[in-house]
Amino acid sequence: MTIIVREADITTLNVDAIVNAANASLLGGGGVDGAIHRAAGKGLLAACAAMPEVRTGVRCPTGEARITGGFGLPARQVIHTVGPVWHGGSHGEAALLAACYRNSLKLAREHGIASLAFPAISTGVYGYPLDEATDIAVKAVQTAEWQPAEVLFCTFGAAATQAYASRGIAIQRG
Ligand code: APR
């Protein structure tokens with residue numbers, strides 16, 4: 001199993017699945033969610049909207065994950081997960097963020113995914129501090145009982161790339 005960090009637009013990656021940092025509605029948004037929906041096209045939104053709501057307005061509770069096709073993306077599938085909003089660190093944020101990685105890996109295993117790209121979940125709009133989030137991401141993947149052949153942490157800026165590299169994750173130049 002290889003784990004690498006690569007600075008790229010996740011919508012361009014030719015992998016079995018990319019992970020989307022979504023919100024609970026699964027109906028799109030800004031950041032990486034917006035980019036993925038724009039690149040995937042309307043089929044992705046239709047597939048997400050068809051997901052059953054577990055309660056009004058919630059198709060994917062925080063920490064859980066759902067899988068759809070990739071539609072117009074090079075990636076064959078999209079695993080949508082909802083990270084925690086950072087509220088200072090004493091509201092269960094760390095456990096919920098770890099659950100995003102764990103549940104995404106669980107779906108990847110169930111769907112025979114061999115190459116999987118994660119964005120830096122919750123570190124944008126949701127305000128999770130980069131260092132703490134990166135610790136959780138790296139630990140969750142490295143200690144997972146099952147891993148795909150290739151895990152790619154896809155970063156969108158030098159600071160995030162450095163955060164993974166400083167934790168021993170090899171940088172793959174695009
Ligand atoms: N490719 C890779 N990474 C990206 C891309 C992209 N095209 N666009 C943004 N990112 C990075 C951001 O720089 C950040 O490091 O993804 C990380 C997660 O940031 P957000 O997309 O803001 O996600 P998050 O912090 O989890 O907030 C989720 O934002 O877009 C809404 O609908 C989404 O409500 C949800 C919330």
Side-chain angles (χ1 to χ4, degrees), residues 3-42 44-45 47-49 51 53 57-66 68 70-75 77-89 91-104 115-138 140-141 150-167 169 171-174:
I3 305 179
I4 52 162
V5 56
R6 181 156 156 205
E7 201 165 321
D9 174 347
I10 202 166
T11 67
T12 66
L13 298 181
N14 183 11
V15 289
D16 287 347
I18 60 173
V19 175
N20 180 21
N23 62 60
S25 74
L26 293 190
L27 299 181
V32 72
D33 194 7
I36 288 173
H37 275 275
R38 276 192 301 279
K42 290 194 173 55
L44 180 62
L45 183 60
C48 290
M51 290 272 179
E53 290 184 312
V58 176
R59 289 180 179 79
C60 184
T62 302
E64 293 189 18
R66 301 288 188 270
T68 64
F71 297 95
L73 289 161
Q77 294 182 281
V78 182
I79 292 175
H80 308 263
T81 192
V82 179
V85 176
W86 178 253
H87 290 298
H91 296 76
E93 294 98 322
L96 284 167
L97 185 58
C100 287
Y101 289 92
R102 191 172 59 251
N103 287 319
S104 296
S115 53
L116 180 64
F118 285 102
I121 301 164
S122 281
T123 65
V125 167
Y126 282 1
Y128 213 111
L130 181 61
D131 277 341
E132 286 87 339
T134 305
D135 281 340
I136 290 166
V138 170
V141 170
E150 183 188 30
V151 173
L152 201 160
F153 288 114
C154 181
T155 51
F156 211 53
T161 307
Q162 197 43 44
Y164 286 92
S166 64
R167 288 164 177 81
I169 305 298
I171 297 178
Q172 181 189 68
R173 301 281 173 210

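Whatever order the structure lists ligands and atoms in, that order sets their numbers, starting from 1. All figures in this text were calculated on a predicted structure; none of them were measured in a lab.
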If you measure every N/O of [X] against every N/O of ligand 1, is any gap under 3.5 Å?
X	value
Ala21	no
Val32	yes
Gly124	yes
Val125	yes
Asp33	yes

Can you tell me which residue and heavy atom of the protein come closest to [atom], and the distance to 0.1 Å?
atom	result
atom 1 (N) of ligand 1	Ile10 N, 2.9 Å
atom 31 (C) of ligand 1	Gly30 N, 3.6 Å
atom 35 (C) of ligand 1	Tyr126 OH, 3.5 Å
atom 7 (N) of ligand 1	Asp9 OD1, 3.0 Å
atom 14 (C) of ligand 1	Thr123 OG1, 3.5 Å

Where does the angle between the aromatic ring planes of Tyr164 and Phe153 fall among parallel (under 30°), tilted (30 to 60°) and perpendicular (over 60°)?
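Parallel.
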Heavy-atom distance under 4.5 Å between the side chains of [X] and [Y], does that happen here?
X	Y	result
Thr81	Phe118	no
Val5	Arg167	no
Ile18	Cys154	no
Pro129	Trp86	yes

Does [X] reach ligand 1, in the sense of a heavy atom lying below 4.0 Å from it?
X	answer
Gly83	no
Gly157	no
Thr11	no

With a 3.5 Å distance limit and no angle check, can you tell me whether [X] reaches the backbone of [Y] through a side-chain donor-acceptor pair?
X	Y	result
Asp16	Ala75	no
Thr123	Leu130	no
Tyr128	Thr134	no
Glu64	Asn103	no
Arg59	Met51	yes

Using heavy atoms and a threshold below 4.0 Å, how should the contact between Ala160 and ligand 1 be classified: side chain, backbone, both, or neither?
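The answer is neither; Ala160 stays 4.0 Å or more away.
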With a heavy-atom distance limit of 4.0 Å, tell me whether Phe156 approaches ligand 1 through its side chain, its backbone, both, or neither.
side chain
Atom OG1 of Thr155 and atom CD1 of Ile169: how far apart are they, to the nearest 0.5 Å?
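Thr155 atom OG1 to Ile169 atom CD1 measures 11.5 Å (nearest 0.5 Å).
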To the nearest 0.5 Å, what is the distance between CZ (Arg173) and CD (Glu7)?
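Answer for the CZ-CD pair, Arg173 versus Glu7, is 8.0 Å.
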Check each atom of ligand 1 against the heavy atoms of [X] and keep those under 4.0 Å away; list them by number with element.
X	result
Ala35	7 (N)
Gly29	30 (O), 32 (O)
Ala8	1 (N), 2 (C)
Ser122	24 (P), 25 (O), 26 (O)

Closest to atom 18 (C) of ligand 1 among Gly31, Ala120, Pro119 (heavy-atom distance)
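The residue whose heavy atom sits nearest atom 18 (C) of ligand 1 is Ala120.
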